[in-house]
Amino acid sequence: MTSCGRRIAVRCLRLAPLDRPISRVTLDVGRDLGGEPGVWAALTAEEARDLADLLLAHAAEAEHRAPVGGDPQSGRHL
């Protein structure tokens, strides 16, 4: 549970059509405490790894630096 009350679920989704099996990592960010809707994404393994790298890099930065202003939405994107 995040500090704003959202639950984040990460799962593996496997679909098995006969001609080409599909596997994705799903990310489900649920509603907040006020009932605002969440979001859902299905990522390839490579996209999931890229997201994990970005999360770890930003977590390290957040631990070691206090915010100094600027745009909180700026940063690297997938």
Side-chain angles (χ1 to χ4, degrees):
M1 175 92 58
T2 67
S3 59
C4 67
R6 292 184 188 266
R7 288 194 184 276
I8 300 175
V10 179
R11 295 185 177 89
C12 185
L13 171 67
R14 290 194 176 114
L15 304 172
L18 295 177
D19 59 333
R20 201 177 88 155
I22 298 168
S23 184
R24 295 288 186 268
V25 176
T26 63
L27 179 65
D28 181 4
V29 179
R31 295 180 177 273
D32 69 9
L33 291 175
E36 289 294 318
V39 296
W40 183 88
L43 309 169
T44 65
E46 181 179 358
E47 292 166 341
R49 286 187 188 97
D50 289 345
L51 176 59
D53 288 343
L54 286 171
L55 287 169
L56 289 170
H58 283 278
E61 184 177 341
E63 286 178 332
H64 296 102
R65 286 187 22 193
V68 292
D71 180 6
Q73 300 297 319
S74 66
R76 298 182 316 186
H77 300 277
L78 287 181

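One is the number of the first residue; the rest follow in order along the sequence. Owing to the predicted nature of the structure, the values given are computational and were not obtained by experimental measurement.
Here CG of D53 is found 11.0 Å from NE2 of H58. Values are rounded to the nearest 0.5 Å.
For residues 8-34, there are no side-chain hydrogen bond (donor to acceptor under 3.5 Å, both in side chains) pairs, not counting sequence neighbours.
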- Derivation and outcome, side-chain contact (heavy atoms from CB on, under 4.5 Å), residues L27 and L51: CA-CA 11 Å; L27 179 65; L51 176 59; 4.0 Å; yes

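By the rule that hydrophobic residues join a cluster once side-chain heavy atoms approach within less than 4.5 Å of another member, V10 and L55 end up as members of one cluster.
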Would you be so kind as to tabulate the donor-acceptor pairs closer than 3.5 Å made by side chains of residues 33-46, with sequence neighbours excluded?
unit_1: T44; atom_1: OG1; unit_2: E47; atom_2: N; d: 3.1
unit_1: T44; atom_1: OG1; unit_2: E47; atom_2: OE1; d: 3.4

